[in-house]
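Encoded as structure tokens, the structure appears first; notes follow it.
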Amino acid sequence: IMDTNVQKRRENKKSLRVKVISLGNAEVGKSCIIKRYCEKRFVPKYLATIGIDYGVTKVQVRDREIKVNIFDMAGHPFFYEVRNEFYKDSQGVVLVYDVGLRESFDALDSWLGEMKQEMGSQANMESIVFVVCANKVDLTKRRVVDEGEGRLWAESRGFHYFETSAQSGEGISEMFQAFFSSITDMCENGGKRPVAEVSVGFTKEQADTIRRIRNSKDSWDMLGVKPGATREEVNKAYRKLAVLLHPDKCVAPGSEDAFKAVVNARTSLLKNIK
Ligand SMILES: Nc1nc2c(ncn2[C@@H]2O[C@H](COP(=O)(O)OP(=O)(O)OP(=O)(O)O)[C@@H](O)[C@H]2O)c(=O)[nH]1
């Protein structure tokens with residue numbers, strides 16, 4: 001009897017139950033990614049998730065058996081009321097966008113926002129593992145968000161980044177493996193996301209600035225000044241960006257292009273200001 005009790009206790013310690021959710025705009029492929037992983041198949045026909053889908057799967061991470069509860073959230077804004085109560089108590093979040101639709105990438109910030117808002121005061125983003133899926137990479141011709149841009153957004157926030165295709169299966173098992181292994185690490189680490197072994201070497205401010213510059217609509221917008229700003233205002237904004245993004249100081253991917261773009265924006269603006 002002693003032996004079986006000890007055995008049982010040991011097994012309990014090794015088994016783990018976690019909750020994960022999927023987030024992202026409607027039609028980016030959240031359900032298909034989960035289906036590809038759990039059922040090893042792909043359904044080309046789009047069936048919108050109504051509110052929420054729920055599934056359970058078991059995975060093995062090292063010597064532990066992990067029981068995973070997956071909540072597949074509907075991306076359509078209409079289902080906000082249904083989604084909002086499912087955010088809490090998640091250990092992991094799969095954030096998905098479609099590499100062929102820029103607005104689905106830009107929407108990731110608002111998905112994080114919705115989540116934070118719904119979790120309210122108990123929001124502790126540090127104890128949640130995030131993985132970003134740049135999905136539908138099989139459709140190469142319609143791709144508009146490149147790897148550098150997606151990876152930068154993810155890694156500057158301490159999130160994992162994977163290029164995936166639910167259609168071909170590319171990246172899916174690697175993504176889930178890294179995801180579940182991180183969640184296990186986190187649980188073993190007392191609920192804190194372990195600090196990355198290799199620091200990314202750049203700040204979130206640098207990463208966000210590069211992204212803002214890439215998405216800016218004109219030179220004024222790029223420098224972050226209002227149209228019609230004075231020489232001094234332009235120069236001041238320029239100096240601040242130049243210090244932040246100078247290639248000698250900034251190693252974030254895309255910083256060199258962003259730096260050049262800022263130099264050019266300043267030159268062209270000053271040409272037209274008396
Ligand atoms: N080519 C291609 N099509 C995909 C891929 N993933 C999903 N799709 C297609 O995209 C459409 C939407 O996929 P879903 O998985 O239903 O999207 P969803 O994000 O769950 O959408 P909601 O449930 O409305 O939030 C379907 O027609 C899928 O067949 C992919 O990797 N490549």
Side-chain angles (χ1 to χ4, degrees), residues 18-57 59 68-88 90-119 128-151 153-154 159-180:
V18 302
K19 173 185 170 183
V20 304
I21 59 176
S22 66
L23 284 187
N25 279 8
E27 242 176 295
V28 294
K30 299 178 295 296
S31 305
C32 287
I33 287 172
I34 293 167
K35 203 163 272 156
R36 165 60 77 183
Y37 179 72
C38 296
E39 301 168 22
K40 313 271 175 280
R41 65 194 181 99
F42 176 72
V43 186
K45 188 172 176 291
Y46 173 52
L47 284 164
T49 302
I50 307 300
I52 202 141
D53 267 346
Y54 169 75
V56 186
T57 187
V59 294
V68 186
N69 297 285
I70 304 182
F71 291 82
D72 180 22
M73 308 271 232
H76 198 283
F78 181 77
F79 296 111
Y80 168 70
E81 296 290 340
V82 186
R83 278 194 304 271
N84 61 11
E85 55 190 287
F86 286 95
Y87 283 115
K88 54 182 179 295
S90 309
Q91 279 85 33
V93 177
V94 183
L95 281 168
V96 185
Y97 68 93
D98 174 345
V99 295
L101 290 173
R102 176 160 293 276
E103 65 265 29
S104 73
F105 175 62
D106 291 337
L108 295 181
D109 281 314
S110 15
W111 282 106
L112 285 180
E114 181 178 305
M115 177 174 178
K116 266 186 216 164
Q117 189 184 325
E118 289 317 312
M119 297 198 333
I128 299 170
V129 173
F130 288 87
V131 62
V132 175
C133 295
N135 193 42
K136 306 198 188 181
V137 292
D138 56 288
L139 302 171
T140 48
K141 285 208 195 85
R142 64 187 273 282
R143 183 161 189 167
V144 292
V145 184
D146 68 17
E147 178 176 353
E149 203 174 344
R151 193 176 278 286
W153 187 89
F159 301 172
H160 296 275
Y161 172 87
F162 283 88
E163 304 242 302
T164 60
S165 165
Q167 194 233 37
S168 71
E170 181 185 338
I172 303 286
S173 58
E174 293 84 347
M175 180 274 292
F176 276 111
Q177 215 167 328
F179 184 50
F180 294 136

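No hydrogens, no waters, no symmetry mates; every other heavy atom, side chains included, goes into these values. None of these values were measured; they are calculated from a predicted model. Read the numbers this way: they start at 1 and go in the same order the structure lists the ligands and their atoms.
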Practice task
Give a yes/no on ligand 1: does Gly24 have at least one heavy atom closer than 4.0 angstrom to it?
Solution key: no
Practice task
Could you list the atoms of ligand 1 found under 4.0 angstrom from a heavy atom of Ala74?
Solution key: 25 (O)
Fill in the blank from the handout: The atoms of ligand 1 lying under 4.0 Å from a heavy atom of Val43, numbered in the order shown, are 28 (C), 29 (O)
Problem - N/O donor-acceptor pair under 3.5 Å between Ser110 side chain and Gly113 backbone - result: no
Practice task
May I ask whether Asn25 places a heavy atom under 4.0 Å from ligand 1?
Solution key: yes
Handout entry: Backbone of Asn25 reached by a side-chain donor or acceptor of Lys30 within 3.5 Å
Key = yes
Problem - Per-atom contacts, ligand 1 versus Gly75 - under 4.0 Å to a heavy atom - result: 22 (P), 25 (O)
Handout entry: Atoms of ligand 1 close to Ser165 [distance to a heavy atom under 4.0 angstrom, numbered from 1]
Key = 31 (O)
Practice task
For the pair Lys19 (side chain) and Lys88 (backbone), establish whether a donor and an acceptor sit closer than 3.5 Å, ignoring hydrogens and angles.
Solution key: yes
Exercise for the section: Look only at interatomic distance and state if Ala48 has a nitrogen or oxygen under 3.5 Å from any nitrogen or oxygen of ligand 1. Expected result: no
Handout entry: Donor-acceptor contact present, side-chain Arg41 to main-chain Arg36, <3.5 Å
Key = no
Practice task
Would you check if the side chain of Thr164 reaches a backbone N or O of Cys133 as a donor-acceptor pair within less than 3.5 Å?
Solution key: no
Practice task
Report yes if some N/O of His76 lies less than 3.5 Å from some N/O of ligand 1; otherwise report no.
Solution key: no
Exercise for the section: Enumerate the atoms of ligand 1 whose separation from the nearest heavy atom of Asn135 is less than 4.0 angstrom. Expected result: 5 (C), 6 (N), 31 (O)
Practice task
Check ligand 1 against Asp138 and write out every atom of the ligand that is under 4.0 Å from a heavy-atom position of the residue.
Solution key: 1 (N), 2 (C), 30 (C), 31 (O), 32 (N)
Problem - Backbone or side-chain N or O of Phe42 under 3.5 Å from ligand 1 N or O - result: no
Fill in the blank from the handout: To atom 4 (C) of ligand 1, the nearest of Lys136, Glu27, Arg36, Gln167 on a heavy-atom basis is Lys136
